[in-house]
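In what follows, every chain begins at residue 1, and chains take the letters A, B, ... in the order their sequences are listed.
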Protein chains: 2
Amino acid sequence: MITLAAAQLFREKGFPSTGMRDLAGEVGVEAASLYNHIRSKAELLQEICFRVANDFNAQLMEVEASENLTGLEKLEAIVRFHIQMWINRLDEVMVTNNESKYLEEPYNGTFLNERRVYVRRLEQVIEDGMRKGNIKKVQPYAVVLTLMSAVRGIEFWHRTKKNISAEELEENMVLHLVKGLKK
Amino acid sequence: MITLAAAQLFREKGFPSTGMRDLAGEVGVEAASLYNHIRSKAELLQEICFRVANDFNAQLMEVEASENLTGLEKLEAIVRFHIQMWINRLDEVMVTNNESKYLEEPYNGTFLNERRVYVRRLEQVIEDGMRKGNIKKVQPYAVVLTLMSAVRGIEFWHRTKKNISAEELEENMVLHLVKGLKK
DNA sequence: CAATTTCACTAACAATTGTTAGTTTTGTTT
DNA sequence: AAACAAAACTAACAATTGTTAGTGAAATTG
């Protein structure tokens, strides 16, 4: 899939300095031939970013709907999903995080807006858990910022996996980031 | 200062897509005139990245040397310094984090190596605190990854400061990230 | 087999990139 | 005022960028 090769290159070299000739080389074809399959370089970035955003949104919606979970359990499910996305789909997720600023308008605006909405919904999960659940008193916005960024550390783990296994990493992060919020 | 204008542009537009003509415009001069003051675009990035790295190293050395502090207090001092760097010198710190991959060799290699050493020294602080101090049993590497990345969330806070003050943000992050590690 | 679509190729385009050469203007020191 | 250094300017360079046009081969359809 061209999109996945693009994600890998965009992650490694950055979007602006990944040339269509680089991508073509990775796919095993001449640069001009790519245009039989894609419309533009910009479109590749759009597909990567919005697909990832969609997957995060879908999971959050699912968690919001599960009424058998406590606030803290919901938060844990979300954090675990973030961790797994960073571990299993590093290229796409990193491009979504680091290169989305190169989206052209109106896509960049739409993307930033979707992110704001996502953050707000996550804050809501925390507020609910604080009010009538088992989450201790905190500033929801600060916690969301911290959670969503902390998992970005997985980027560095990926470079030298030997240190610690994926499962250990996940458990340690959940312990550090979520269990500490228990009332 | 040209370097600071460069840091701002590199952060906003990314290093590869910041042109010398963009930078010149920001400084109020023609592109060619910049070369009376700097040697190359690449050198600007080097100056930014290694100056920030130096400042982090200096502070860590200072903390390591203060023998009146417990392990947890050392960790707190380090985390607070990270937070303040992200708040007060966002441009430079973000460029150091996000654009350092565009450093040419051998600078990129040197930079990555310095970072590895920094992480290892931070792990050592945690291990010491665990063995003979007041830090609970955790995987030091996982904690360091989490701590160093969590503060990156400040990037988003910077865009819309209204939400919460810098002091509140710092206290919430320290509470979330450090106090939870107390044995 | 014939017709048609799919897809890779070569060649080229306009625009933009970082940087240099050479010249003129500005500001400081004798 | 003369001499010198610092720093601005214009013009241009080779290289690289994403993309299009046009052509022919391969694969799929009738």
Side-chain angles (χ1 to χ4, degrees), chain A residues 1-51 91-92 94-96 98-111, chain B residues 1-51 91-92 94-96 98-111:
Chain A
M1 189 68 92
I2 292 180
T3 312
L4 286 189
Q8 187 187 332
L9 285 177
F10 292 168
R11 166 174 82 88
E12 290 170 359
K13 316 184 41 141
F15 177 76
S17 50
T18 296
M20 295 307 277
R21 288 158 185 86
D22 297 330
L23 178 56
E26 200 69 27
V27 176
V29 100
E30 288 299 316
S33 307
L34 290 172
Y35 288 84
N36 288 319
H37 304 275
I38 65 168
R39 248 187 295 276
S40 68
K41 183 187 177 188
E43 195 193 52
L44 282 171
L45 183 60
Q46 293 158 27
E47 272 166 14
I48 295 168
C49 291
F50 284 100
R51 194 154 76 92
D91 290 339
E92 300 160 80
M94 272 189 70
V95 168
T96 304
N98 301 336
E99 316 291 325
S100 72
K101 64 168 164 239
Y102 300 112
L103 286 169
E104 299 167 337
E105 294 303 346
Y107 300 101
N108 187 45
T110 308
F111 181 84
Chain B
M1 187 70 92
I2 291 179
T3 311
L4 285 189
Q8 188 187 331
L9 285 177
F10 292 168
R11 166 173 81 88
E12 288 171 359
K13 316 183 42 139
F15 177 76
S17 50
T18 296
M20 295 307 277
R21 288 158 185 85
D22 296 330
L23 178 56
E26 200 68 27
V27 175
V29 100
E30 288 300 315
S33 307
L34 290 172
Y35 289 85
N36 288 319
H37 305 274
I38 64 169
R39 249 186 294 277
S40 68
K41 184 186 176 188
E43 195 193 52
L44 283 171
L45 184 60
Q46 292 158 27
E47 273 167 14
I48 296 167
C49 290
F50 285 100
R51 194 155 75 91
D91 290 339
E92 300 160 81
M94 272 189 69
V95 168
T96 305
N98 301 336
E99 316 290 327
S100 72
K101 64 166 164 243
Y102 301 112
L103 287 169
E104 299 167 336
E105 293 305 343
Y107 299 101
N108 186 45
T110 308
F111 181 85

Both Ser17(B) and Ala32(B) contact DNA chain C. Which one's nearest nucleotide lies toward the 5' end?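 The residue closer to the strand's 5' end, by nearest nucleotide, is Ser17(B).
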Would you say dT6(C) has OP1 or OP2 under 4.0 Å from some side-chain N or O of His37(A)?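 For dT6(C), OP1/OP2 do not have a side-chain N/O of His37(A) under 4.0 Å.
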Can you find a side chain N or O atom of Ser33(A) that sits less than 4.0 Å from OP1 or OP2 on dC7(C)?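 Answer no for this pair, as no side-chain N or O of Ser33(A) is under 4.0 Å from OP1 or OP2.
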Between the side chain of Ser33(A) and the main-chain N/O of Val29(A), is any donor-acceptor distance below 3.5 Å?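 No, the answer is negative, given that no donor and acceptor are paired below the 3.5 Å cut-off.
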Walk me through it: do Lys101(A) and Glu99(B) pass the test salt bridge (Lys or Arg N to Asp or Glu O under 4.0 Å)? CA-CA 13 Å; Lys101(A) 64 168 164 239; Glu99(B) 316 290 327; 3.7 Å; yes
Atom-to-atom span, [atom1] of [X] to [atom2] of [N] - whole angstrom:
{"X": "Leu34(B)", "N": "dA6(D)", "atom1": "CG", "atom2": "C1'", "answer": "15 Å"}
{"X": "Tyr35(B)", "N": "dT20(C)", "atom1": "OH", "atom2": "C1'", "answer": "10 Å"}
{"X": "Glu104(A)", "N": "dG18(D)", "atom1": "CD", "atom2": "C1'", "answer": "11 Å"}
{"X": "Ile38(B)", "N": "dA8(D)", "atom1": "CD1", "atom2": "C1'", "answer": "15 Å"}
{"X": "Ile2(A)", "N": "dG18(D)", "atom1": "CD1", "atom2": "P", "answer": "15 Å"}
{"X": "Met20(A)", "N": "dA15(C)", "atom1": "CE", "atom2": "C1'", "answer": "17 Å"}
{"X": "Arg39(B)", "N": "dT20(C)", "atom1": "CZ", "atom2": "P", "answer": "11 Å"}

Salt-bridge contact Glu47(A)-Arg51(A) (side-chain N to carboxylate O under 4.0 Å): no
Tyr107(A) OH: over 12 foreign heavy atoms closer than 6.0 Å: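 Open: at most 12 neighbouring heavy atoms sit under 6.0 Å from OH of Tyr107(A).
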Return yes if the base of dA8(D) and the side-chain atoms of Asn36(B) contain a donor-acceptor N/O pair under 3.5 Å, otherwise no. yes
Which nucleotide sits closest to the side chain of Glu30(B): dG18(D), dT10(D), dT20(D)?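 The closest nucleotide is dT10(D).
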